[in-house]
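Below is one structure, written out as structure tokens; the observations come after it.
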Protein chains: 2
Amino acid sequence: MVQFVHPFTEDITLAGLLGALADPMRLRIVSSMLQKDGCMSCSEAAPCPNMAKSTLSHHFRILREAGIIHTGKVGVENRNVLRINDINSRFPGLLEQILKFGGN
Amino acid sequence: MVQFVHPFTEDITLAGLLGALADPMRLRIVSSMLQKDGCMSCSEAAPCPNMAKSTLSHHFRILREAGIIHTGKVGVENRNVLRINDINSRFPGLLEQILKFGGN
DNA sequence: TCAATAGTTCATTATTATCGAACTATTGTA
DNA sequence: TACAATAGTTCGATAATAATGAACTATTGA
């Protein structure tokens with residue numbers, strides 16, 4: 001049984017947030033999540049075409065454990081949701097500001 | 001002879017910038033640089049009291065190679081200057097936004 | 001029950017962080 | 001001029017973290 005780890009909102013740290021976003025792949029994942037109403041499955045992470053599933057899974061875990069996304073299992077796939085409200089309550093406006101430059 | 005490596009402004013990347021700031025020590029260094037008119041020597045990095053010189057030197061190098069600071073030797077000490085204009089020309093407003101939360 | 005789909009976990013390798021010790025360069029002083 | 005003090009870098013080692021491919025698990029549908 002898979003147990004996903006999600007930090008509480010108040011445990012989201014700035015260094016953790018920046019570290020999770022300090023990777024071009026993860027920036028693209030989060031950026032395209034924001035464009036898709038903040039929600040996507042792992043395999044929808046089309047911005048990363050030639051990427052091994054395990055690597056993708058790893059990136060989603062980094063994002064999850066930094067408090068950037070919430071992952072829930074729905075049927076056979078994972079539903080990943082951007083924790084935009086939680087992040088904004090900790091660091092108002094920061095995520096949008098970063099992602100303004102992250103789409104490239 | 002010590003040669004410091006500084007990327008050109010146009011070579012500063014978002015992922016590189018975030019990665020360099022994705023560390024509590026470096027956040028504190030940059031944050032306190034901003035408060036001191038964007039300039040400090042390595043040994044002034046008082047926010048990191050019990051830190052080995054070599055570790056401090058390492059962090060300054062990370063910041064330098066990400067394009068966040070410019071280091072120049074002045075007499076016996078290093079003068080580190082925040083490259084605020086260069087960063088703002090690449091990512092307007094981003095650094096200030098991040099550092100708003102970085103003082104902790 | 002069996003295959004397909006969607007991801008995770010494991011083991012390995014590669015990076016990065018931290019530290020102490022040794023080194024280099026600049027200054028001040030006897 | 002030589003010598004110590006100051007400020008920092010570089011090197012080597014160790015420990016923690018990240019990236020990746022191979023093997024595994026869980027859900028769904030035929």
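Letters A, B, ... mirror the listed sequences (proteins, then strands); counts begin at 1.
- Residues A:Leu34 and A:Val30 form no side-chain contact, since every pair of their non-hydrogen atoms from C-beta on lies 4.5 Å or further apart.
- With D:dA22, D:dA19, D:dT9 as the choices, the nucleotide that has an atom nearest any side-chain atom of A:Asp23 turns out to be D:dA19.
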Set out, line by line, the N/O atom pairs under 3.5 Å between protein and nucleotides 27-30 of chain C.
none

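- Of the candidates C:dT8, D:dA19, D:dT10, the closest approach to any side-chain atom of A:His58 belongs to D:dA19.
- For A:Arg26 and D:dA19, the shortest distance from a side-chain N or O to OP1 or OP2 is below 4.0 Å.
- To the nearest angstrom, C1' of C:dA4 lies 14 Å from CD of A:Glu77.
- Using a 4.0 Å cut-off, some side-chain N or O of A:Asn78 falls inside it from OP1 or OP2 of C:dT8.
- Between the C1' atom of C:dA6 and the CZ atom of A:Arg61 lies a distance of 17 Å, rounded to the nearest Å.
- Using cut-offs of 30° and 60° for the angle between ring planes, the A:Phe101 and B:Phe91 rings count as perpendicular.
- In this structure, CG of B:Leu56 is placed 17 Å from C1' of C:dT16, rounded to the nearest angstrom.
- Within the 3.5 Å criterion, the main-chain N or O of B:Pro92 finds a donor-acceptor partner in the side chain of A:Gln97.
- Between the NE2 atom of A:His70 and the CG atom of A:Asn78 there is a distance of 11.0 Å, given to the nearest 0.5 Å.
- Following rounding to the nearest Å, A:Leu18 (CG) and D:dT17 (C1') show an atom-to-atom distance of 17 Å.
- Distance CE/A:Met40 to OG/A:Ser32: 4.0 Å, rounded to 0.5 Å.
- Regarding B:Glu65, its CD atom lies at a distance of 14 Å from the C1' atom of C:dT15, rounded to whole Å.
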message = With side-chain contact (heavy atoms from CB on, under 4.5 Å) as the criterion, how do A:Cys39 and A:Met33 come out once you've worked through the C-alpha distance, each side chain's angles and the decisive distance to 0.1 Å?
response = CA-CA 5 Å; A:Cys39 183; A:Met33 280 183 80; 5.7 Å; no
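- Note on B:His59: only backbone sugar-phosphate atoms sit closer than 4.0 angstrom, heavy atoms only; bases stay farther off.
- Side-chain atoms of A:Ile62 lie closest to D:dA18 of the nucleotides D:dA18, C:dC19, D:dG8.
- Proximity note for B:Lys53 (side chain, C-beta onward) versus D:dA7, D:dA22, C:dA21: the nearest is D:dA7.
- Whole-Å rounding puts the B:Phe60 CZ to D:dA7 P distance at 13 Å.
- Atom-to-atom, CD1 of B:Ile29 to C1' of C:dT18 comes out at 14 Å; the value is rounded to the nearest Å.
- Between B:Arg79 and the phosphate of D:dA7, there is no side-chain N or O to OP1/OP2 separation shorter than 4.0 Å.
- Proximity note for A:Thr55 (side chain, C-beta onward) versus D:dT9, D:dG21, C:dG7: the nearest is D:dG21.
- Between the P atom of D:dA7 and the CZ atom of B:Phe4 lies a distance of 15 Å, rounded to the nearest Å.
- Not a single donor-acceptor contact under 3.5 angstrom links the side-chain atoms of B:Ser57 to the base of D:dG8.
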Review item, side-chain donor-acceptor pairs of residues 56-69 of chain A, under 3.5 Å, at least two apart:
unit_1: A:His59; atom_1: ND1; unit_2: A:Arg26; atom_2: NH1; d: 3.0
unit_1: A:Arg64; atom_1: NH1; unit_2: A:Thr71; atom_2: OG1; d: 3.0

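- Applying the side-chain hydrogen bond (donor to acceptor under 3.5 Å, both in side chains) test to pairs two or more places apart or on separate chains, those with a residue in residues 8-17 of chain B are B:Thr9-B:Asp86.
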